[in-house]
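Here is the naming used below: chain letters follow the sequence lines, and residue numbers restart at 1 for every chain. None of the values given here were measured: they were computed from a predicted structure.
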2 protein chains.
Amino acid sequence: MELQLVNERRRGPYAAKRLTEFAARCRRGGLAVTPQRLAIIEALLGSGEHPRADAIFAAVRMQHPHISLATVHRTLDTLCDIGEARKVTTLHDSARYDGNITPHHHVVCVKCRRIRDIEIPRLDRLLAGQSELGEFTVLGSSLEIHALCEDCGAKRAGANRTMKARR
Amino acid sequence: MELQLVNERRRGPYAAKRLTEFAARCRRGGLAVTPQRLAIIEALLGSGEHPRADAIFAAVRMQHPHISLATVHRTLDTLCDIGEARKVTTLHDSARYDGNITPHHHVVCVKCRRIRDIEIPRLDRLLAGQSELGEFTVLGSSLEIHALCEDCGAKRAGANRTMKARR
DNA sequence: TAACCAGATGATAGTAATTATCATCTAGGT
DNA sequence: ACCTAGATGATAATTACTATCATCTGGTTA
Ligand SMILES: [Mn+2]
Ligand SMILES: [Mn+2]
Ligand SMILES: [Zn+2]
Ligand SMILES: [Zn+2]
């Protein structure tokens, strides 16, 4: 079996380990260890759902009734910045459309969000014939390669044309 | 070379062919062939940028100064429905976070948006060592497998718990 | 331990993308 | 030419998120 659903049982021990290291990692990142941050990372590590900010908010609220939704948004963002969490939906800020309906994949510049088509025949071969994945029925797939484009990568950070700044 | 940027030159002929077939495909999908739809698919096929709705709007406006932005949104959505376009940003509607920072990939139920972790060692091996891709500097990657989960796939369409309906 | 302050938080206003509503229009069939 | 289901344009509403700013606090220092 080449593609494999990750076993849910693994999460418990993994979360426990991450949690014990969390305070140290915060300080390493120059961040204060606040009760809110602890509660948020704990809720995130305790979920296998890849939750949205509002779900984390709901979970954390039970222990911290005064927490603000803005804090949850900010904290999740911060956790991603220091590498303690990851945003699954890299390009979530606005819809991007493609007129090319032949099967293909994409490189995305993480700074300016430029997207270009790529072909990976060996990947397509690898996935062809995979019609079941645990309890899921496979319909298709798409690989997103995160990268820096020429314009964004070559220059020193600072003077770059960043699309993220536009929000 | 295993990963390959798709040559821009290919787009011209591809777009031309798609455009000539468009009216027929619309009718097959039960859609009226309106000047707005023609202009929108033409703009989309003419772009290699994976544009956002507002970019298409700007392009189309030059020929159709009266077109509404809502029409552009609706039409792009419709084009995706009939398979004439594709939304690159499948999960763009809201940010989803992951506490699992070990490298892994995801299956996404296209109906209820459930996301589960998967491991594809052979894919990771395939991509390892690929640090350049044309003018892009590779940072990482993530495969998204589109699927139907047990709950959404087994049932007849209709009584399914769809998350998309929540918007 | 107390005093300090950079950075964190909560409350709330603002923004931007998308969707809903609805009166009017038109593609395509008769 | 006429009819009508469906498409469009104008605009209001929604939603996820970000900005602002007064207040608070973790963690360092004296
Ligand atoms: Mn593409
Ligand atoms: Mn994951
Ligand atoms: Zn770039
Ligand atoms: Zn589902």
Spacing of R52(B) atom CZ relative to dT18(C) atom P, expressed in whole Å: 7 Å
Quick one: list whatever passes side-chain contact (heavy atoms from CB on, under 4.5 Å) with T89(A), sequence neighbours left out. K87(A), H92(A), L91(B), A95(B), R96(B)
To the nearest 10°, let me know how far the axis at one end of the helix from dT1(C)-dA30(D) to dT30(C)-dA1(D) is tilted from the axis at the other, five pairs an end. 30°
Considering only side-chain heavy atoms of Q36(B), which listed nucleotide, dG9(D), dC17(D), dG10(C), is closest? dG9(D)
Is there a continuous path of hydrophobic side-chain contacts, each under 4.5 Å between heavy atoms, that joins I115(A) to I145(A)? no
Does dA17(C) have its OP1 or OP2 closer than 4.0 Å to a side-chain nitrogen or oxygen of H92(A)? no
Most 5' of A70(B) and Y97(B) on DNA chain D, judged by nearest nucleotide: A70(B)
Distance check needed: dA7(D) P versus D77(B) CG, whole Å only. 13 Å
Of all residues at least two apart in sequence or in a different chain, which pass the salt bridge (charged side-chain N to carboxylate O under 4.0 Å, His left out) check with R122(B)? E2(A)
As an exercise, state the distance from SG of C152(A) to CZ of R114(A), rounded to the nearest 0.5 Å. 6.0 Å
H104(B): ring pair (Phe, Tyr, Trp, His ring centres under 6.0 Å) partners, not counting sequence neighbours: H106(B)
Restricting to side-chain contact (heavy atoms from CB on, under 4.5 Å), what partner residues turn up for A70(A), sequence neighbours left out? S68(A), R74(A)
For R61(B) and dG9(D), what is the distance between atoms CZ and C1' respectively, to the nearest whole Å? 11 Å
Nearest-angstrom distance from the residue atom NZ of K87(A) to C1' of dA16(D): 11 Å
Should the side chain of R74(A) and the base of dG7(C) be counted as holding a donor-acceptor pair, with the cut-off at 3.5 Å? no
Taking only residues two or more places apart in sequence or in another chain, which ones pass side-chain contact (heavy atoms from CB on, under 4.5 Å) with E49(A)? S47(A)
I67(B) atom CD1 is separated from dA7(D) atom P, nearest whole Å, by 14 Å
Return no unless some side-chain N or O of T71(A) is found under 4.0 Å from OP1 or OP2 of dG10(C). yes
Acceptor/donor pairs from residues 29-44 of chain B side chains to any protein atom, 3.5 angstrom cut, sequence neighbours excluded:
residue, atom, partner, partner atom, Å
T34(B), OG1, R37(B), N, 3.1
R37(B), NH1, A32(B), O, 2.8

Rounded to whole Å, how long is the line connecting atom CD1 of I82(A) with atom P of dG7(C)? 15 Å
Is there a side-chain contact between D117(A) and H50(B) (heavy atoms, below 4.5 Å)? yes
Only pairs at least two apart or in different chains count here, so list each salt bridge (Lys or Arg N to Asp or Glu O under 4.0 Å) that has a residue in residues 57-68 of chain B. none
Using a cut-off of strictly less than 4.0 Å between a heavy atom of the residue and any atom of DNA chain C, enumerate the qualifying residues of residues 37-48 of chain A by number. R37(A)
Identify, with sequence neighbours excluded, every residue that meets salt bridge (charged side-chain N to carboxylate O under 4.0 Å, His left out) alongside E144(A). none
Can you work out whether H73(B) or H66(A) has the more 5'-proximal nearest nucleotide on DNA chain C? H66(A)
Listed by chain and number, what are the side-chain contact (heavy atoms from CB on, under 4.5 Å) partners of E8(A), not counting sequence neighbours? R11(A), R116(B)
Within the 4.0 Å limit for protein heavy atoms, which parts of nucleotides 22-30 of chain D are touched? Write it as a string from 5' to 3', B for base, S for sugar-phosphate only, - for none. ----SS---
Whole angstroms only, please: what is the CG-P distance between L91(A) and dT18(C)? 12 Å
Atom CG of D93(A) and atom C1' of dA16(D): how far apart are they, to the nearest Å? 12 Å
